[in-house]
Number of protein chains: 2
Amino acid sequence: MSKTGDFTASTVMAKTARRVPQQVRGERRVAELLEAAAEVFAEAGYEAATMTAMAERAGASIGALYQYFPNKEAVVRALRAQYGEEMAARWTPLAAEASRLTVAELVDRMFEVMVEMMEAWPAYLTLLGAPGNYKRDPAARNRLREHFAEVFRQKRPQLGKEEAFRVANVALQLVKGMNPLYAEASAEERVELVREFKMALGGYLGARLGG
Amino acid sequence: MSKTGDFTASTVMAKTARRVPQQVRGERRVAELLEAAAEVFAEAGYEAATMTAMAERAGASIGALYQYFPNKEAVVRALRAQYGEEMAARWTPLAAEASRLTVAELVDRMFEVMVEMMEAWPAYLTLLGAPGNYKRDPAARNRLREHFAEVFRQKRPQLGKEEAFRVANVALQLVKGMNPLYAEASAEERVELVREFKMALGGYLGARLGG
DNA sequence: CTATAATATGAGGATGTCCTCAGATTTGTC
DNA sequence: GACAAATCTGAGGACATCCTCATATTATAG
């Protein structure tokens with residue numbers, strides 16, 4: 001059960017401490033490969049990220065990479081699954097307390113979550129929009145948007161479902177827009193940047209949801 | 001003078017009426033090729049847009065395409081030059097009257113301009129961020145941003161130069177963020193979409209520039 | 001220690017893209 | 001009509017990428 005290509009983060013994490021074998025085995029290798037792949041994706045972008053580069057960075061051969069992932073798309077799927085879990089872990093508690101927060105506070109928290117994700121997984125937003133993935137799992141495309149929409153409806157129950165979805169769509173796009181600038185910015189500029197984009201999203205949600 | 005690869009829009013337009021020859025010649029062929037290339041770029045994105053597809057769409061051979069453009073990058077450069085002129089033509093008058101407008105009106109006009117550009121040249125924003133182009137002309141990267149920054153400073157002279165640039169940067173990113181959603185949307189949805197993003201930019205600029 | 005299973009290796013096949021170039025076609029000129 | 005210049009053509013070279021697979025290495029169980 002630990003040999004075919006498609007791993008989720010939970011699968012990867014399931015392991016107990018044991019002495020390190022010479023040849024890197026199973027789950028640990030998968031984790032290494034995924035980490036290397038994430039780095040390459042983050043640095044080169046989806047198209048320019050080559051399987052060879054991923055394998056090299058992980059200290060493995062191309063063959064080994066293909067042992068665990070049948071193709072490039074599978075690597076992306078695995079990473080997205082991992083990111084999805086991470087995102088959900090941060091998002092669920094926020095959604096739970098959304099009704100108790102003002103719009104301004106909500107915006108703050110949303111940006112905190114996104115910034116954490118971007119710091120921890122620079123490839124996150126790069127891979128969110130990667131092509132060719134929605135064919136096999138069309139639902140994945142909307143998962144994050146639905147999270148957002150749900151929070152907004154909780155905040156303003158009078159919002160229609162479609163309307164909330166539209167608002168979520170725009171909000172998500174605003175946050176995504178921060179990514180390329182964020183990636184290039186220095187540490188201080190990043191603080192500035194987050195403040196600027198918070199204003200934008202705050203201004204939008206304030207006007208859209210009221211108060 | 002009409003044979004080496006790199007044309008700007010002004011070069012293309014310079015011609016007097018004359019009877020149409022059987023074989024498509026010079027400037028007209030360049031215009032055809034650029035138009036076809038723009039369509040391919042808009043539909044396929046930068047990476048997936050192939051030179052073969054551009055040539056085919058223009059009803060020419062690959063060889064003919066390479067007669068006018070030494071490489072793919074040159075095609076992009078020519079298109080960007082054309083778009084730059086178009087953008088400047090719309091932007092200059094707006095900048096001139098910026099000081100007489102409220103922030104809300106300014107936002108409206110800015111979106112009008114951007115929407116016009118996106119309707120007329122769907123490849124515009126795709127190519128703005130295309131890779132590999134800033135190496136030869138690093139200034140191109142900032143040209144549009146500087147236009148924006150100038151308008152903001154005209155509106156609020158107390159804004160520092162760098163600060164205005166930062167605001168421009170964010171504003172531009174907001175507008176760009178609309179593009180992928182815009183491209184997928186129906187005509188009615190587009191109206192909605194522009195309204196939503198106007199709120200976001202309006203909210204941001206309102207908070208940033210005041211009133 | 002041996003046998004079997006698990007894993008790793010990397011040359012190379014298949015494919016696709018950018019770009020070249022020698023030769024063919026068309027146009028313009030006298 | 002004849003010649004030169006401009007333009008077009010498309011097969012194929014060069015290269016890069018994804019992916020395969022026969023072979024080699026390492027781990028583990030009996």
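All heavy atoms count here, side chains included; hydrogens, waters and symmetry mates do not. Each chain gets a letter, A, B and so on, in the order the sequences are listed, and its residues count up from 1.
In this structure, B:Ser61 reaches the bases: a heavy-atom distance under 4.0 Å links it to at least one base atom across the strands shown. Nucleic acid contact for A:Ala49: sugar-phosphate only, since backbone atoms but no base atoms lie under 4.0 Å from a heavy atom of the residue.
The residue among B:Tyr66 and B:Gly63 whose nearest nucleotide of DNA chain C is located toward the 5' end is B:Tyr66.
As a whole-Å value, the separation of A:Phe69 CZ from D:dC18 P is 15 Å. Atom CG in A:Asn71 sits about 15 Å away from atom C1' in C:dT15, given to the nearest Å. Atoms OH (B:Tyr46) and P (C:dT17) sit 14 Å apart, rounded to a whole Å. Counting to the nearest Å, the P atom of C:dT17 and the CE atom of B:Met54 are 11 Å from each other. C:dT17 atom C1' lies 16 Å from atom CD of B:Glu73, rounded to whole Å. Remark: C1' of C:dT17 and CD of A:Glu47 are 13 Å apart, rounded to the nearest angstrom. Spacing between atom CZ of A:Phe41 and atom P of D:dT17 amounts to 13 Å, rounded to whole angstrom units. The distance between atom OH of A:Tyr68 and atom C1' of D:dT20, rounded to the nearest whole Å, is 17 Å.
Put simply, A:Arg29 has no side-chain N or O that comes within less than 4.0 Å of OP1 or OP2 on C:dA6.
Using the six-membered ring where Trp is involved, B:Trp91 and B:Phe148 have ring planes that are parallel, under 30° apart on the 30 and 60° scheme. Between A:Tyr124 and A:Tyr83, the ring-plane angle classifies as perpendicular under the 30° and 60° cut-offs.
In this structure, B:Arg153 does not pair ionically with B:Glu150, as no charged nitrogen and carboxylate oxygen lie closer than 4.0 Å.
Which of C:dA8, D:dT9, D:dC18 sits closest to the side chain of A:Lys72 comes down to D:dC18. You'll find that the side chain of B:Ile62 is closest to C:dC19, out of C:dT9, D:dT17, C:dC19.
The shortest non-hydrogen separation linking A:Ala58 to A:Arg29 is O-NH2, 3.9 Å.
No more than 12 heavy atoms of other residues, nucleotides or ligands sit less than 6.0 Å from atom CD of A:Glu35.
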